[in-house]
Undergrad: 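Can you keep this structure in mind? I'll have questions shortly.
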Amino acid sequence: MDYDFKSIESKWQAYWAANKTFRAEVDASRPKFYVLDMFPYPSGAGLHVGHPLGYIASDIFARYKRLKGFNVLHPMGYDAFGLPAEQYAIQTGQHPEVTTRKNVARYRQQLDRIGFSFDWDREVRTCDPAYYKWTQWAFLKMFGSWYDPALDKARPIGELVKKLETEGYGDVSAKQWAESSEKEKSDILMRYRIAYQGETSVNWCEGLGTVLANDEVKDGLSVRGGYPVEQKKMTQWQLRVSAYAERLLSGLEGLDWTDSLKDMQRNWIGKSQGTEVVFNTECDGRTVPVTIFTTRVDTVFGVTFMVLAPESELVPLLTADDRRKEVEEYLDEVKKKTERERMAQTRNVTGVFSGAYGINPLTGERIPVWISEYVLSGYGTGAIMAVPAHDSRDYAFAKKFNLPIIPIIEGCDVSEQSFDAKEGKMCNSGFLDGMDVKDAIEAAKDYVEEKGLGRRKTNYRLRDAIFSRQRYWGEPFPIYYKDGIPMPVPESELPLKLPQIDEFKAQGGEPPLARAKDWTYCGYPLEKNTMPGFAGSSAYYLRYMDPRNDEALTSGQANGYWRSVDLYVGGTEHATGHLIYSRFWNKFLYDLGYVCEDEPFRKLVNQGMIQGRSNFVYRKVGTNTFVSAGLKDRYETTEIHVDISLVRNDRLDIEAFKAWRPEYADADFELENGEYVCGWAVEKMSKSMFNVVNPDDICDRYGADTLRLYEMFLGPVEQSKPWDTKGIDGVNRFLRKFWHLFWDRDTWLVTDGKAGPEELKTLHKLIGKEQQDIEAFSYNTTISAFMIALNELVELKCNKREILEPLTVLLSPFAPHMAEELWHNLGHTDSVSGASFPEFIPALAAEDNVTYPVQFNGKMRFTVEMPRSASPSEVESVVRAHPLTAKWTEGLNVVKVIVVSGRIVNVVVK
RNA sequence: GCGGGUGUGUUGAAAUUGGUAGACAAGCCAGACUUAGGAUCUGGUGCCUCGCGCGUAUGGGUUCGAGUCCCUUCACCCGCACCA
């Protein structure tokens with residue numbers, strides 16, 4: 001039988017589907033292992049060759065773990081709510097549900113061809129009401145909870161109400177609470193709920209007609225679509241993620257994630273420990289205390305002015321009458337700028353004097369209060385003390401507006417720039433004089449607290465997540481408004497289904513749901529916003545544990561068994577979005593006792609991106625003549641992307657090119673050595689660059705096993721790399737050679753003879769290597785080891801079942817279809833995925849001889865080959881007897897055998 | 001500016017974690033065979049002045065021994081960025 005991958009692959013894919021080979025069930029007698037991929041958003045373009053990279057890697061791991069005796073949960077689903085489907089709907093009038101279903105079907109078809117071991121019985125789609133019921137449920141739980149700082153966890157809001165009724169809480173006394181109206185009570189509770197409605201400055205994107213979360217905005221543009229984003233005050237639903245800042249930070253410690261990813265999250269959370277200090281200010285006779293935040297109280301003697309954020313609520317209070325005109329002009333100017341303009345002008349210092357003066361609480365000095373956009377309202381208190389000598393931003397501001405600069409560290413030069421380093425000896429600083437800066441920071445903090453001028457304060461950059469979107473294709477909020485008071489739709493009424501509407505575009509500043517008929521609950525209007533994309537993806541890994549449960553997100557039994565994700569594979573682009581929200585969401589459910597693990601993802605691997613390799617042709621300007629890449633510098637040419645399917649090894653198929661586009665039909669060509677050579681570049685894989693490679697094409701030509709093997713062979717999974725099919729023949733050849741260990745045409749070669757020591761050595765070396773490499777997520781080296789082993793076995797003409805049967809098992813995670821076929825040929829009737837990973841016996845893998853390098857004066861060397869069991873003195877005597885040693889050692893006849901932990905590592909002659 | 005990472009043949013890369021650098025592939029060169037292919041097989045392939053030579057971005061250091069550890073410089077990639 002020849003290796004006919006087409007029939008083999010479709011046969012086993014059908015077999016796996018029919019037999020539900022990869023179905024996972026709770027089984028307390030076996031250890032579990034949960035391998036998860038970040039589920040895809042099913043876009044209209046389908047999968048390209050880069051998408052499956054992570055899926056292949058995790059599939060290999062899942063299959064390996066099964067062989068190792070684990071009960072593996074390896075599910076897949078679709079993150080199906082989202083903007084592109086809605087945008088498409090706006091353009092074509094097609095309901096997003098229709099396009100989504102179509103795209104999902106195509107994704108499924110493509111995924112199935114690659115031979116993944118997913119348990120499709122557990123598939124979820126975030127846009128399925130049976131699924132988003134639980135997204136809405138979680139929201140209701142968050143609405144019905146508050147964060148109790150005393151217990152440091154979320155608790156039912158009823159506990160807060162009880163506190164308010166009996167003893168009062170925060171700035172609300174029991175008496176005030178009792179006297180409050182329903183609306184006032186609702187407003188008070190809103191300040192504490194985990195999911196709450198509040199006015200805040202939001203990222204408003206006019207182009208998309210919706211607000212966006214911070215992680216959905218980059219460089220002042222929306223991540224989706226690239227439209228400009230501006231800051232706007234709006235009332236929005238928000239999630240109190242900031243309450244979890246410290247736990248999100250400390251929880252990172254125990255996780256097996258890369259340092260860079262953890263650092264991204266730490267950065268995003270942005271913990272900073274400093275001091276809040278109260279400065280009294282006066283303005284037109286009013287006295288206003290202003291609290292500022294600083295991490296450098298030690299520099300308080302160098303303060304020469306104060307600055308307020310333009311959005312600070314203190315600005316009106318601190319604007320002197322004779323400055324009002326200038327201040328208002330400045331505020332207008334700031335307001336008009338989009339976020340992008342504000343960023344672009346980062347180094348452009350702007351500001352205005354308010355007319356107010358503050359008193360430095362330590363020196364009693366009178367200092368002016370300025371207003372500038374370089375101070376952010378959203379961070380700290382929105383007010384700062386400025387120390388131009390030791391902060392570069394304050395320095396730039398002081399220079400621009402001619403404010404004094406007072407150095408307070410001995411010998412520092414602030415004539416050109418500020419001295420920001422935390423080193424040196426303090427001066428001009430009263431009681432801090434002569435101290436080292438590091439000691440002064442602590443001493444100043446203590447002093448300020450002792451004198452009651454301020455207190456230590458920890459700030460976080462992490463902000464609450466804005467949870468409303470003015471869109472159609474998302475989860476509706478289970479909230480209705482009774483006399484303007486938001487009320488939860490009862491849990492028993494969930495899911496609150498997304499209503500049908502005929503036009504998907506937002507109109508008249510109202511979200512699309514405003515157009516829905518009867519969008520009411522018991523006669524009361526329902527919330528018209530929908531939830532953002534991250535809502536549905538925040539707990540999907542929990543739903544996979546028990547996806548058809550209608551009574552709970554996941555049963556205690558299922559959650560208690562599967563617990564959390566052991567291996568999570570996905571792109572690094574979710575570092576500050578999904579991966580923060582999911583951790584938050586999980587911790588919240590953990591607080592309320594719905595899940596048993598505090599952290600959702602134990603180990604996380606970020607697969608790299610596969611870029612496209614584009615090809616170019618060069619057209620002489622103003623002609624229809626194309627010149628080969630090597631000649632293009634002789635003319636003025638235009639570089640044109642050419643579809644990579646028309647190019648092979650950078651050589652253009654001229655006839656195909658002529659047929660590609662009518663305007664090229666009668667093109668002329670200037671060739672090099674009779675060929676047209678194309679230029680190339682590594683770019684993002686996309687339709688517009690004509691460099692997309694569809695995995696289906698690779699499956700057609702080489703088969704899924706080759707695709708899987710090749711994607712892994714390309715290099716470390718974590719690394720980004722361009723797709724380049726040059727090497728694909730190598731892995732394809734490997735598979736065919738592998739096949740020919742078992743079959744020579746129609747002759748079955750496998751015999752029951754006893755395996756020799758060489759064959760056993762090859763096998764066990766490979767077992768050891770594969771085991772070690774897969775655990776380390778290093779698949780390219782495993783495949784290399786496989787190729788070496790195969791070459792050795794071919795050399796040995798090995799055809800022993802004792803070797804080939806375990807070899808088939810070893811191959812199965814990588815090339816499952818071929819492994820199944822050969823497993824079946826070997827006489828098994830079950831799937832190879834039920835086999836056991838062969839046992840590694842180090843003694844069988846060991847080399848008999850070891851080669852020792854011999855060094856002389858650290859330079860020259862030769863080697864001696866000795867049995868592994870040789871003692872250092874035996875090695876030494878062999879080295880001494882060596883003819884070369886004898887020649888060198890006149891006068892310096894010292895042999896040193898270097899032994900490290902009982903192993904000889906080197907032999908040195910001196 | 002801050003943080004993280006990377007730098008090895010023509011290319012993708014490997015290196016038992018401090019022990020013969022370039023495994024395994026790709027490409028290229030030469031040859032064999034033929035059903036003339038996008039097939040298969042064999043050999044060669046870091047550099048040069050061919051030596052007791054040189055060689056892992058650069059310069060230094062530790063070590064008997066450094067691609068690997070420490071410091072310098074350079075280049076590139078990623079993330080954050082007026083966060084006080």
Side-chain angles (χ1 to χ4, degrees), chain A residues 218-219 258-268 270-272 274-275 292-296 299 307 309 342-343 345-349 372-376 378-387 390-394 396-397 420 459-463 572-573 575-576 606 608-609 648-649 701-702 710 713-716 718-722 724-734 736-737 740 768-769 772 778 780-791 851-863 884 888 894 896-898 900 903-910:
Chain A
K218 230 191 127 176
D219 299 331
T258 60
D259 288 337
S260 74
L261 197 73
K262 285 187 187 180
D263 273 330
M264 269 190 235
Q265 292 216 338
R266 287 193 191 106
N267 214 309
W268 191 257
K271 180 177 183 171
S272 102
T275 315
I292 60 95
F293 176 75
T294 179
T295 52
R296 295 288 305 273
T299 60
V307 188
R342 217 167 142 162
M343 282 173 150
Q345 296 170 5
T346 288
R347 303 289 157 220
N348 223 342
V349 182
S372 171
E373 58 182 336
Y374 89 88
V375 175
L376 307 177
Y379 185 76
T381 60
I384 62 154
M385 63 178 211
V387 187
H390 303 288
D391 182 289
S392 55
R393 298 153 302 182
D394 297 344
F397 195 81
D420 293 11
N459 263 333
Y460 299 91
R461 222 162 63 196
L462 184 70
R463 298 223 245 138
T572 178
E573 67 271 18
T576 52
N606 290 120
M609 298 246 278
R648 190 174 162 75
N649 278 342
R701 182 176 287 161
Y702 296 99
Y710 184 57
F713 189 63
L714 225 39
E718 298 89 337
Q719 220 165 77
S720 288
K721 55 231 155 190
D724 186 347
T725 39
K726 267 189 189 153
I728 202 165
D729 293 318
V731 289
N732 188 245
R733 206 170 290 146
F734 160 76
R736 286 203 305 264
K737 270 200 212 165
H740 287 297
K769 181 80 176 151
Q772 190 187 324
S778 170
N780 55 333
T781 53
T782 316
I783 296 170
S784 292
F786 235 113
M787 290 175 171
I788 295 169
L790 178 62
N791 286 339
T851 307
Y852 297 113
V854 181
Q855 300 188 357
F856 174 60
N857 271 356
K859 261 183 136 189
M860 286 171 276
R861 48 184 109 142
F862 59 92
T863 59
L884 280 173
W888 298 333
V894 184
K896 191 175 166 197
V897 178
I898 296 165
V900 176
R903 202 164 65 97
I904 305 170
V905 295
N906 204 0
V907 183
V908 178
V909 182
K910 275 195 168 173

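All heavy atoms count here, side chains included; hydrogens, waters and symmetry mates do not. Below, chain A is the first sequence line, B the second, and so on; all start at residue 1.
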Undergrad: Of all the choices, B/A25, B/G3, B/A84, which nucleotide is nearest to the side chain of A/N791 once you look at every atom?
TA: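 The closest nucleotide is B/A25.
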Undergrad: For A/M385 versus A/R296, what's the shortest heavy-atom pair and its separation?
TA: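 For A/M385 versus A/R296, the nearest heavy atoms are CE-O, 3.6 Å.
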Undergrad: When rounded to the nearest 0.5 angstrom, what distance separates OH in A/Y379 from OG in A/S272?
TA: 3.0 Å
Undergrad: Judged by each residue's nearest nucleotide on RNA chain B, which is more toward the 5′ side, A/T381 or A/S778?
TA: A/S778
Undergrad: Heavy atoms from C-beta onward define the side chain here; which of B/A26, B/A23, B/A14 lies closest to that of A/R733?
TA: B/A26
Undergrad: Fill in the dot-bracket string of RNA chain B, one character per base: . for unpaired, | for a pair to another strand, ( ) or [ ] for pairs within the strand, taking Watson-Crick or G-U pairs under 3.5 Å.
TA: (((((((..(((......[....)))((((((.......))))))(((..).))..(.(((..]....))).))))))))....
Undergrad: Using whole Å, what does the distance between atom C1' of nucleotide B/C41 and atom CZ of A/R736 come to?
TA: 13 Å
Undergrad: For the pair made of CG in A/D263 and P in B/C78, what is the distance, rounded to whole Å?
TA: 18 Å
Undergrad: Rounded to whole angstroms, how far apart are CG on A/D259 and P on B/G4?
TA: 9 Å
Undergrad: Between A/D420 (CG) and B/A81 (P), how many Å, whole number?
TA: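 After rounding, the reported distance stands at 20 Å.
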Undergrad: Quickly work out the A/I788 CD1 to B/A23 C1' distance and round it to whole Å.
TA: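 Rounding to the nearest Å, CD1 of A/I788 and C1' of B/A23 are 6 Å apart.
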Undergrad: One thing to verify: whether A/D259 and A/K262 come together as a salt bridge, which I'm taking to mean a side-chain N less than 4.0 angstrom from a carboxylate O.
TA: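 No, A/K262 and A/D259 are not salt-bridged.
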Undergrad: Between A/T725 and A/Y702, is any side-chain donor less than 3.5 angstrom from a side-chain acceptor?
TA: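 There is no such pair between these side chains.
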Undergrad: How are the rings of A/F397 and A/Y374 set to each other: parallel, tilted or perpendicular (split at 30° and 60°)?
TA: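 Correct class here is tilted.
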Undergrad: In whole angstroms, how far is the C1' atom of B/U16 from the NZ atom of A/K769?
TA: 8 Å
Undergrad: Say you draw a straight line from CG of A/N606 to CD of A/E573; how long is it, rounded to the nearest 0.5 Å?
TA: 8.5 Å
Undergrad: With a non-hydrogen cut-off below 4.0 angstrom, is A/N780 in contact with a base, only sugar-phosphate, or nothing?
TA: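 Sugar-phosphate contact only.
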